[in-house]
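First up is the structure itself, then whatever we jot down about it.
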Amino acid sequence: MSHVTLSLNNAQTGLSMSNSALVSCKTQNLDFSKLFKYQYLISRVPDPEIPMRCHSLSGWTVMAGDELPMAFLLDKSGVLFAVFLGIGVDVEGLVEGDHHVKTLSVDQDSFFTDFESWLIDVAGRYTILVSARGETRAYTDPVGMNGMVYDPSSRQIASSTLLCLNRPIEDHPSYDHSVVEQGQGKYTLFHTRDAKVRRCNPNCYIDLGDFSEHRFWPRHETFETTDSNLAIYENLTSMTRHVIRNINAKYKTALPMSGGQDSRLLAVLAGSEIHNFDQIFTHIHNYASRIDATIASEIAKFLQVDISISDKRTTKVSKLKARQEQAEFQVAAGLITPQNREVELGLHHNVLEGAVVMRGHQTDLLRAVFIDRLGPKSRKNLKWQVKRLLIVPPREFSDEIYHRFLPEYEAWLDTLPETARERSVDFMFLEIYYSSTLGVTFPALTHNFFMSPFNSRRLIALSLSLDETYRRKSHVVNDMLLMGNPALHSIPFDYEFGGGRDLAQILDGAEMDEITAERRQSSYARMADLRATAEPSTT
């Protein structure tokens, strides 16, 4: 493998790197197999020096890290047509081993259309190399959380930038890279640190014939339904619980708990499966997370589960160890940017090593978290949308930066079908923002395999069928909590805890009733209306 030159100075750690994915591990005495245990590389010409498992499909070699789950997709006649990398659950169950997709036949002209229909219901974090009917394509999960970047010149696809390259890195000219190095900006709009290596739009496939991207979802979905909100909630719950149940049955699993809305909603969606997680945990690294831990403890008490609380005051990591892990992260991610606070403090070591950690993430859609300006007028406000990509800190966003990135943002908008335009900001969040955040960090985190069980195109479509104003007001989350577990609906959220209250007051029943009274009353009234409108009239 040719050396990939990456010469960057990290303002936080003082580290300097000038190496390739493989050579960097040798020169910095890093363990390649550890750093890339959850990563993959797809290439015409495999490098025999790369210590990964290898499988061939139609002249392409799939190289996978030691801990990255791998399955093989077979059609109804038993014909192999794909290598599946990661964790996924379809309507039948976990995708594992020789997985027969009984609805597909490689002999059918409609094979790829049928495959993409099957893929709509697959939830998880994954990449799929598909070869059938003279075509080879690469697909990924709805937000690209398994990482998928590609270099058309070298004809390689990988989970991270350095792993993809076999040439010196060429700095992307559109960025002030020091901003990203300091953790104040992001590579976005499917860019990477390298000028030519592109991050795939997760709802496009890569045609390996010419390395072109083609959107396959959404196409004809209207994101509208005649179902009641209650019916949608029931579908969201049953589908997510099916995913969690199948992952819990196969893997060691862990669930983070906090005082926020997403982790609590995920706990309710899990239902009785909450007792089948191997660990439920929370981390304390500042005062806000101390509130989180207090609320999480109350949630665990109601659910009758144990919770593991890790506090920075009792978790000590040497500076040498922290620098080592930062160097590992940089190589594995293929860029220099700070670790998150919990990893920096070593709190992640208190999570069961190798566990699949289930995060909410796409449940953010149920709160329309990215849409802080609602309605058609806001969808036309492209400056606000480009600013939301966090290319630079909001205070440093300027007209010059806006016009620099606007053409590519407009080009992305043009790929959306008309039926998705009214949800364009949601899709910006899913396709651009998440792929440039989760798609970068998840493959580079080696202590655990992080994923969202809510990450399927079917679940996303159902979420987007709910009114954006209703979602933005957190009505959906509170409705689902009230339906699933009224006790959890009654515990304060972190954002409700304020006004100078002492932490101990969270544990006081009267205080909790006072804090949550307005929200609870609103939810009960709203739920009564939903039930009344969902029931057939008796008059």
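Because the structure is predicted, anything quoted here is derived from the model rather than measured. Residue numbers count from 1 along this sequence. Basis for what follows: all heavy atoms, side chains included, without hydrogens, waters or symmetry-related copies.
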(Q) Go through it in stages, so that I can follow the logic: the residues are L335 and Q330, the test is side chain to side chain contact (heavy atoms under 4.5 Å, CB included), and I'd like the CA-CA distance, side-chain angles, deciding distance and then a yes or no. (A) CA-CA 5 Å; L335 81 166; Q330 290 174 170; over 6 Å; no
Q: Quick one: do S465 and T225 satisfy side-chain hydrogen bond (donor to acceptor under 3.5 Å, both in side chains)? Show the steps, please.
A: CA-CA 6 Å; S465 70; T225 178; 5.7 Å; no
Q: Check the pair T140 / M145 against side chain to side chain contact (heavy atoms under 4.5 Å, CB included), numbers first and verdict last.
A: CA-CA 8 Å; T140 189; M145 67 171 61; over 6 Å; no
Q.
I'd like to know whether E213 forms a side-chain hydrogen bond (donor to acceptor under 3.5 Å, both in side chains) with Y150, so could you lay out the CA-CA distance, the side-chain angles of the two residues, the decisive distance to 0.1 Å, and finally the verdict.
A. CA-CA 11 Å; E213 286 187 39; Y150 64 98; 2.6 Å; yes
(Q) Quick one, D262 with R367, criterion salt bridge (charged side-chain N to carboxylate O under 4.0 Å, His left out). Give me CA distance, side-chain angles, the key distance, then yes/no. (A) CA-CA 9 Å; D262 294 315; R367 298 186 290 118; 2.7 Å; yes
(Q) Quick one, L68 with Y126, criterion side chain to side chain contact (heavy atoms under 4.5 Å, CB included). Give me CA distance, side-chain angles, the key distance, then yes/no. (A) CA-CA 10 Å; L68 181 65; Y126 56 82; over 6 Å; no
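In summary, of the residues considered (V130, I42, L80), a side-chain contact (heavy atoms from CB on, under 4.5 Å) with L57 occurs for L80 alone. With R133 as the fixed residue, the salt bridge (charged side-chain N to carboxylate O under 4.0 Å, His left out) test singles out one of D75, D109, D114: D109.
The closest side-chain heavy-atom distance from N146 to Y40 is below 4.5 Å. Residues L390 and T188 form no side-chain contact, since every pair of their non-hydrogen atoms from C-beta on lies 4.5 Å or further apart. Using a 4.5 Å heavy-atom threshold, the side chains of V83 and W60 count as separate. Considering only heavy atoms from C-beta on, H172 stays 4.5 Å or farther from D194 through its side chain.
Side chain of R359 to backbone of F450: no donor-acceptor contact under 3.5 angstrom is found. Under the 3.5 Å distance criterion, the side-chain polar atoms of T240 are left unmatched by any main-chain donor or acceptor of T237. Between the side chain of S228 and the backbone N or O of A231 there is at least one donor-acceptor pair closer than 3.5 Å. Here the side chain of Q39 pairs a donor or acceptor atom with the backbone of A332 at under 3.5 angstrom. Side-chain N or O atoms of R471 include one that pairs as donor or acceptor with a backbone N or O of L466 at under 3.5 Å. The main-chain N or O of S258 is never found under 3.5 Å from a side-chain atom of R264 such that the two would form a donor-acceptor pair.
Between H177 and Y187, the ring planes lie tilted relative to each other; the angle falls in the 30° to 60° range. Note on ring orientation: taking the six-membered ring where Trp is involved, the planes of W412 and Y409 are tilted (angle from 30° to 60°). The aromatic rings of Y205 and F216 sit tilted relative to each other, their planes meeting at an angle between 30° and 60°. The aromatic rings of F81 and F111 stand perpendicular to each other, their planes meeting at an angle above 60°, with 30° marking the opposite boundary. Ring geometry for W118 versus H99: interplanar angle of 30 to 60°, hence tilted. Ring-plane geometry between W217 and F223 is classed as perpendicular, the angle between the planes exceeding 60 degrees on a 0 to 90 degree scale with a lower cut at 30. H191 and Y175 have perpendicular rings, their planes meeting at more than 60° on a 0 to 90° scale where under 30° would count as parallel.
When only modelled atom types and interatomic distance are considered, N455 and S452 share no side-chain donor-acceptor pair under 3.5 Å. In this model, no donor atom of one side chain and acceptor atom of the other lie less than 3.5 Å apart for T61 and S43. Side chains of S463 and Q362: a donor-acceptor N/O pair is absent below 3.5 angstrom, by distance only. Side-chain contact of Y434 with D364: a donor-acceptor pair under 3.5 Å is present, judged by distance alone. There is no side-chain donor-acceptor pair under 3.5 Å between H220 and T419. A donor-acceptor contact closer than 3.5 angstrom is absent between the side chains of D207 and S212. Under the 3.5 Å distance criterion, with hydrogens and angles disregarded, a donor-acceptor pair is assigned to the side chains of H475 and R526. Side chains of R519 and N478: a donor on one and an acceptor on the other come within 3.5 Å. Y139 and R137 share a donor-acceptor pair across their side chains, judged by distance under 3.5 Å alone.
Note that CZ of R53 and CG of L85 are 8.0 Å apart. Values are rounded to the nearest 0.5 Å. With values rounded to the nearest 0.5 angstrom, L104 atom CG is found 11.5 Å from D107 atom CG. For the atom pair CZ of R241 and CG of L266, the computed distance is 11.0 Å after rounding to the nearest 0.5 Å. Rounded to the nearest 0.5 Å, atoms CZ (F277) and CD1 (I247) are 8.5 Å apart.
When all heavy atoms of F454 and G360 are compared, the closest pair comes out as CB-O, 4.2 Å. Nearest approach of D141 to P202, heavy atoms of both residues: O-CB, 3.3 Å. Residues S154 and C164 approach most closely at OG-O, 3.9 Å, considering heavy atoms. Minimum interatomic distance between P394 and K387 (heavy atoms only, all atoms of both residues): O-CE, 3.6 Å. Nearest heavy-atom pair across P218 and P417 is O-CG, 3.3 Å. The minimum heavy-atom distance between M148 and I157, with the atom names listed, is CG-CG2, 3.7 Å.
Checked for salt-bridge contact, D210 and R155 miss the test: no charged N lies under 4.0 Å from a carboxylate O. Salt bridge present: E116 and R219 bring a charged side-chain N and a carboxylate O closer than 4.0 Å. A salt bridge between R215 and E431 is present, with a side-chain N of the basic residue lying under 4.0 Å from a carboxylate O of the acidic one. Ionic pairing of E400 and R404 is present here: one or more N-O contacts between side-chain nitrogen and carboxylate oxygen are shorter than 4.0 angstrom. R457 and E221 are not joined by a salt bridge, as no carboxylate oxygen comes within less than 4.0 angstrom of a charged side-chain nitrogen. A salt bridge between E181 and R193 is present, with a side-chain N of the basic residue lying under 4.0 Å from a carboxylate O of the acidic one. Ionic pairing of E170 and K196 is present here: one or more N-O contacts between side-chain nitrogen and carboxylate oxygen are shorter than 4.0 angstrom.
Ring centroids of F72 and F84 are separated by 6.0 Å or more, keeping the two rings apart.
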